[in-house]
Amino acid sequence: MKKSLLVLGIESSCDETGIGLVDTERGLLAHRVFSQIDLHAAYGGVVPELASRDHVRRIVPLIRETLAAGECELTALDAIGYTTGPGLAGALLVGAAVAESLGFALQIPAVPIHHLEGHLLSPMLSSDAPVFPFVALLVSGGHTQLMRVSGVGEYALLGESVDDAAGEAFDKTAKLLGLPYPGGPALSRLATQGVPGKFRLPRPMKHSGDLMFSFSGLKTAVLTATRRADFRPEQMADLAAEFQEVVVEVLCVKAREALKQTGLKQLVVAGGVGANARLRERLHQEVGRRGGKVYFPELEYCSDNGAMIAFACAMRLRASHQVERGEGAFAVRPRWPLAEIG
Ligand code: KG4
Ligand code: ZN
């Protein structure tokens with residue numbers, strides 16, 4: 001096997017087309033993301049059929065652009081990693097079809113990659129990277145999970161949300177406050193203008209004694225607050241600030257508990273909600289105070305991107321030294337628990 005491998009990564013699980021190019025020796029060479037936010041904004045959320053069609057439009061030009069930026073020829077590729085799930089079936093199939101076709105044409109392996117594995121390894125793209133083992137807090141639009149990560153493919157689930165994910169709670173609450181899609185960034189921007197504590201929202205499962213989360217009741221609590229006779233629109237920012245504080249507080253308490261239970265010192269935060277400034281601030285404070293260290297991906301690798309998929313694929317290939325081509329048949333897995341991968 002060659003000393004270094006050149007890996008293309010393709011991400012198309014939801015509303016971002018992402019392409020990344022990673023060399024197992026030199027690291028990330030280039031990546032490009034096309035976000036469909038403008039396309040879906042008019043509908044207040046992702047429309048799966050529109051997402052798939054837009055991936056079809058963007059994906060090949062984006063691959064060309066990424067290869068050019070990385071100064072690589074298509075024929076120099078050794079493998080292609082692509083997101084197989086979890087995600088929207090039609091959107092996933094676009095990336096899978098392109099990756100498998102390219103693999104067939106170039107006679108190189110196309111490797112199925114778990115989207116959340118991409119997220120949780122993404123802090124390792126930074127120069128100050130964590131080392132195995134660590135605790136990962138995955139906070140995305142679809143998942144809120146605490147995992148013990150012992151190595152590539154060695155993920156043990158410690159706890160997760162029993163209902164809505166943290167990002168989903170941000171999105172749904174933002175929507176009922178009349179904020180534009182995507183709700184997470186909009187709600188956290190509004191929260192910076194308010195003061196937490198002026199409203200008092202419940203801290204769901206904060207003291208449950210385990211590492212489980214529940215966020216679905218929060219949007220109802222927010223809705224109830226806005227329906228009070230004395231609620232004024234100027235108080236929206238205070239309500240947003242309190243909502244954010246609750247989510248951040250519960251995530252911090254459980255993450256701290258996960259470190260305590262596992263005896264580990266490093267916490268890796270991954271997924272879109274990892275971009276939240278308040279979460280970053282409080283986790284740094286609270287974990288730091290106990291002699292631990294928190295690692296966040298760079299902001300550009302927090303939301304969906306192809307760099308993390310190329311990187312996860314490169315780590316897998318380096319760990320297993322396997323670069324064999326499959327049969328060319330492929331499937332996607334819209335639902336796929338991370339703990340099931342080996
Ligand atoms: O990881 P991601 O890009 O996609 C999924 O795999 O789900 O995460 C998207 C989620 C959305 O729910 C979005 O509202 C949330 O991350 N998000 C944020 C912020 N930026 C993105 N939530 C809170 N604060 C933010 N700054
Ligand atoms: Zn994601």
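Atoms within a ligand are numbered from 1 in the order they appear, just like the ligands themselves.
- Close to ligand 1: Gly142, with a non-hydrogen atom less than 4.0 angstrom away.
- Residue Pro182 does not touch ligand 1, judged by heavy-atom distances below 4.0 Å.
- In this structure, Asn276 CG and Cys302 SG are separated by 10.0 Å, a value rounded to the nearest 0.5 Å.
- With hydrogens left out, the protein atom closest to atom 24 (N) of ligand 1 is Asn276 ND2, 3.0 Å, a heavy atom.
- Around the Zn ion (ligand 2), protein atoms of type N, O or S found under 2.8 Å number 3.
- Using a 4.0 Å cut-off between a side-chain N of Lys or Arg and a carboxylate O of Asp or Glu, Glu286 and Arg290 do not qualify as a salt bridge.
- Pairs engaging residues 107-121 under the side-chain hydrogen bond (donor to acceptor under 3.5 Å, both in side chains) rule: Glu11-His115, Ser13-His115, His115-His119, His115-Asp304, Glu117-Tyr155, Glu117-Arg316, His119-Asp304 [sequence neighbours left out].
- Residue contacts with ligand 1 for Glu16 are absent, since no atom lies close enough (heavy atoms, distance under 4.0 Å).
- Among protein heavy atoms, atom 6 (O) of ligand 1 sits closest to His115 NE2, 3.1 Å.
- Note on ring orientation: taking the six-membered ring where Trp is involved, the planes of Tyr82 and Phe330 are perpendicular (angle over 60°, cut-offs 30° and 60°).
- More than 12 heavy atoms of other residues, nucleotides or ligands sit less than 6.0 Å from atom CZ of Phe132.
- Between Phe243 and Phe170, the angle of the ring planes goes over 60°, which puts this pair in the perpendicular group of the 30/60° scheme.
- The line from CG of Leu187 to CG of Asp171 is 9.0 Å long, rounded to the nearest 0.5 Å.
- In Asp171, the part holding a heavy atom less than 4.0 Å from any atom of ligand 1 is the side chain.
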**Request:** Give the intermediate values and the outcome of side-chain contact (heavy atoms from CB on, under 4.5 Å) for residues Phe215 and Thr144.
**Result:** CA-CA 10 Å; Phe215 293 114; Thr144 298; 4.0 Å; yes
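- The hydrophobic cluster containing Met212, built from Ile/Leu/Val/Met/Phe/Trp/Tyr side-chain heavy atoms closer than 4.5 Å, also comprises Val162, Met205.
- Qualifying side-chain contact (heavy atoms from CB on, under 4.5 Å) partners for Glu340, counting only residues two or more places apart in sequence or in other chains: Arg333, Trp336, Pro337.
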**Asked** Thr24 and Lys3: side-chain hydrogen bond (donor to acceptor under 3.5 Å, both in side chains), yes or no, with the steps?
**Response** CA-CA 9 Å; Thr24 49; Lys3 189 163 173 282; over 6 Å; no
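- Residue Glu242 is tested with Lys198, Arg278, Arg203 for a salt bridge (Lys or Arg N to Asp or Glu O under 4.0 Å); the sole match is Arg203.
- Taking atom 22 (N) of ligand 1 as the reference point, the nearest protein heavy-atom neighbour is Gly184 CA, 3.6 Å.
- Counting only heavy atoms of the protein, atom 2 (P) of ligand 1 lies nearest to Asp304 OD1, 3.5 Å.
- Closest protein heavy atom to atom 17 (N) of ligand 1: Gly272 O, 3.6 Å.
- Protein heavy atom in closest approach to atom 26 (N) of ligand 1: Ser188 OG, 3.4 Å.
- Below 4.0 Å from some heavy atom of Ser303 lie the following atoms of ligand 1, by number and element: 3 (O).
- With hydrogens left out, the protein atom closest to atom 10 (C) of ligand 1 is Gly141 N, 3.5 Å, a heavy atom.
- Below 4.0 Å from some heavy atom of Gly167 lie the following atoms of ligand 1, by number and element: 12 (O).
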